[in-house]
There are 2 protein chains.
Amino acid sequence: MQKAAIERNNEAIAAQLAPVGRETVQDRVYSELRRALIGGLFEPSQVLTIRGLADALVTSTMPVREALGRLITEKALEALPNRSVRVPPITLERLDDLLRARILIEGEAIALAAARMGPRQIATIETILGEWDEMRALKHKKDVDREVTLNQSFHFEIYRSCGSAVLIPMIESLWLQSGPCIRVAIYAFSEAGEVDTAQYHRRIVTALATQDAQAARESLVADISRPFTFLRSKLQSAAAKDQT
Amino acid sequence: MQKAAIERNNEAIAAQLAPVGRETVQDRVYSELRRALIGGLFEPSQVLTIRGLADALVTSTMPVREALGRLITEKALEALPNRSVRVPPITLERLDDLLRARILIEGEAIALAAARMGPRQIATIETILGEWDEMRALKHKKDVDREVTLNQSFHFEIYRSCGSAVLIPMIESLWLQSGPCIRVAIYAFSEAGEVDTAQYHRRIVTALATQDAQAARESLVADISRPFTFLRSKLQSAAAKDQT
DNA sequence: TCAAAGCAAGTGTGATCACAAATCAAAAAT
DNA sequence: ATTTTTGATTTGTGATCACACTTGCTTTGA
């Protein structure tokens, strides 16, 4: 009976080969649109057409329409009565609504994470912080795309540690919804050269390193509130100017 | 120039006619599946096939597959690596995870609602409570479907008053996820004839009527925790029995 | 007798087509 | 000149088909 030998051989093969994993076209379209949304590549109120996106992504309409449908159910996009779909416009109420939800849920997530993050995870987010500093050092090129990516990595590395399979998708949905909004805020920050975000992140890291859930929550709230309050005042002044 | 006259006529017509609203087949399929999920018509771990559902709903596969995709993104269904889709199985961790998220978010929603519900809204939920009592009175037929529906109406009438367009879809997603779980709990409650749910709901109503946000939140937590703790103990005893 | 190979039915995915509704621009009427 | 109408183009929706993968059963071989 060679069964054991064959089994050993198979195991040896399995140890070398990584599972290839079939990713459907729809999944790629979905990820791509997510990335674009969170990164703020689409602007608020912009309408998207199925055929247009299909052409841009070089596929047929089928994967695109299903990806759009999924994004609509997570409120990342909006279905108009005309059956056309657009990225939701910014309003003052929506801004406040989003911020409140993010404080509630991301605050809870980081409080949970504070008790569960080991030295391993702390090291990871410190690495991300290091990359941030590096980027700031050679600031000749204000790479806002990279800034957005690093910010996202930093936060989600923390949230992943909260151990909740329910909260994380909700946070992703919230980021998807606030992505188009905060892009303009980050851009403005980067231009104005204001107090850098890294400082806020550092406070979060020290709180997490000392397992201080309360401090972590407060630091996080301060961090995510900034772009919202900035945008809020900007919107208000714009509204005031409109009225004149 | 008859422009004004025509305009007036159109307005008169518009006042009488209700907008008909075009509902797509996909929307109907989606709503139907949602209803089934929240109502617990599907049991955990059950696999669903596109063609099977299309036959059952008497449509083609197209609307079904898009509705399934949407439900998967809200975690109401689960995509297996085999590309087949099933309703998520119940585990202890998932139960705790869901309850924690529901306490967090629905608790916040009801606290917000407490400050915003007027006599009009209070009257509405009291009406629902009345229907509940009515149903309890002639209890010869334990209509668990109606019980589920009334429970849903009661809660969402409150949540709708919280004024957050962001929180409500999240709560819907949470109900979608816990629907298949709590069905078995409600069924067991209804059979055991335990302390009725209406009593918990009454406490919520009095708290809301007096605008006591804290009491409302606590009553709500007590209400939604019950089926979860019940299921939890049931699962644990089942696991203990398995081990013997 | 039992495990492995082979075959057949079933299933998800993507492409294409037909159709209805919406949008936009040019032409006609007031 | 302004408004209305008309027609062409665009767009979303649903149906159908082709293909690839999975699954379960039968058959074959040891």
Side-chain angles (χ1 to χ4, degrees), chain A residues 1-11 13 17 19-33 42 45-73 76-87, chain B residues 1-11 13 17 19-33 42 45-73 76-87:
Chain A
M1 191 200 292
Q2 317 174 316
K3 214 180 89 174
I6 293 174
E7 190 65 25
R8 255 202 320 279
N9 186 26
N10 284 346
E11 275 173 23
I13 293 176
L17 262 40
V20 57
R22 288 189 310 140
E23 196 187 28
T24 66
V25 178
Q26 178 190 156
D27 289 336
R28 271 202 297 277
V29 171
Y30 177 69
S31 309
E32 191 60 21
L33 291 181
F42 300 135
S45 299
Q46 181 179 353
V47 309
L48 305 176
T49 67
I50 292 180
R51 284 175 173 91
L53 290 173
D55 287 351
L57 297 167
V58 199
T59 45
S60 80
T61 63
M62 186 63 53
V64 175
R65 59 199 271 193
E66 301 196 341
L68 284 187
R70 291 169 67 180
L71 289 168
I72 289 171
T73 66
L77 294 176
E78 197 179 39
L80 273 59
N82 323 337
R83 302 211 171 290
S84 62
V85 17
R86 70 171 177 188
V87 11
Chain B
M1 188 201 288
Q2 318 175 315
K3 213 182 86 176
I6 292 174
E7 189 65 24
R8 255 204 320 278
N9 186 26
N10 285 346
E11 275 173 23
I13 293 176
L17 262 42
V20 57
R22 289 191 308 140
E23 196 187 28
T24 66
V25 178
Q26 179 190 154
D27 289 335
R28 271 203 296 277
V29 171
Y30 178 68
S31 309
E32 191 59 22
L33 291 180
F42 299 135
S45 299
Q46 180 179 354
V47 308
L48 305 176
T49 67
I50 293 180
R51 283 173 172 93
L53 290 174
D55 287 350
L57 298 167
V58 198
T59 45
S60 80
T61 62
M62 184 63 52
V64 175
R65 60 198 267 193
E66 301 195 343
L68 284 186
R70 291 168 68 181
L71 289 168
I72 289 171
T73 67
L77 295 176
E78 198 179 39
L80 273 59
N82 322 336
R83 302 213 172 289
S84 61
V85 18
R86 70 171 177 188
V87 10

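Protein chains get the first letters and strands the later ones, always in sequence-line order, with residue 1 at the start of each.
Under the 4.5 Å side-chain criterion, counting only non-hydrogen atoms from C-beta, B/Arg83 is in contact with A/Thr24. Side-chain contact check for A/Leu53 versus A/Leu33: some heavy-atom pair is nearer than 4.5 Å. Inter-residue side-chain proximity for A/Arg65 and B/Met62 is flagged as met; some heavy-atom pair is nearer than 4.5 Å.
Among all heavy-atom pairs drawn from A/Ile50 and A/Val64, the shortest one is O-CG1, 3.8 Å. Across every non-hydrogen atom of A/Ala54 and A/Ser60, the tightest pair is CB-O, 3.5 Å.
B/Leu80 places its CG atom 9 Å from the P atom of D/dT23, with the value rounded to the nearest Å. A straight line from CZ of B/Arg83 to C1' of C/dG12 spans 8 Å, rounded to a whole angstrom. Here the P atom of nucleotide C/dA15 and the CD atom of A/Gln26 are 11 Å apart, to the nearest Å. Here D/dG12 presents its P atom at 15 Å from CG of B/Asp27, a figure rounded to the nearest Å. Between the CD1 atom of A/Ile50 and the P atom of D/dG14 there is a distance of 11 Å, given to the nearest Å. A straight line from CD1 of A/Ile72 to C1' of D/dG12 spans 11 Å, rounded to a whole angstrom. Computed from coordinates, the A/Asp55 CG to C/dA15 C1' distance equals 14 Å when rounded to whole Å. Atom-to-atom, CD of A/Glu23 to P of D/dA20 comes out at 19 Å; the value is rounded to the nearest Å.
Of the residues near DNA chain D, A/Met62 and A/Ser84, the one whose nearest nucleotide (by heavy atom distance) lies more toward the 5' end is A/Ser84.
Within the nucleic acid shown, A/Leu48 comes within 4.0 Å of sugar-phosphate atoms alone, with no base atom in reach, counting heavy atoms only. A/Thr61 comes within contact range of at least one nucleobase, with a heavy-atom separation under 4.0 Å.
When the nucleotides D/dG14, C/dG14, C/dT11 are ranked by their closest atom to the side chain of A/Pro63, C/dG14 comes out on top. Taking only side-chain atoms of A/Asn82, from C-beta outward, the nucleotide of C/dG14, D/dG14, C/dT23 with the closest atom is C/dT23.
A donor-acceptor contact under 3.5 Å is not formed by the side chain of B/Arg51 with the base of C/dG10. Judged by atom type and distance alone, A/Arg65 does not reach the base of D/dG12 through any side-chain donor-acceptor pair under 3.5 Å.
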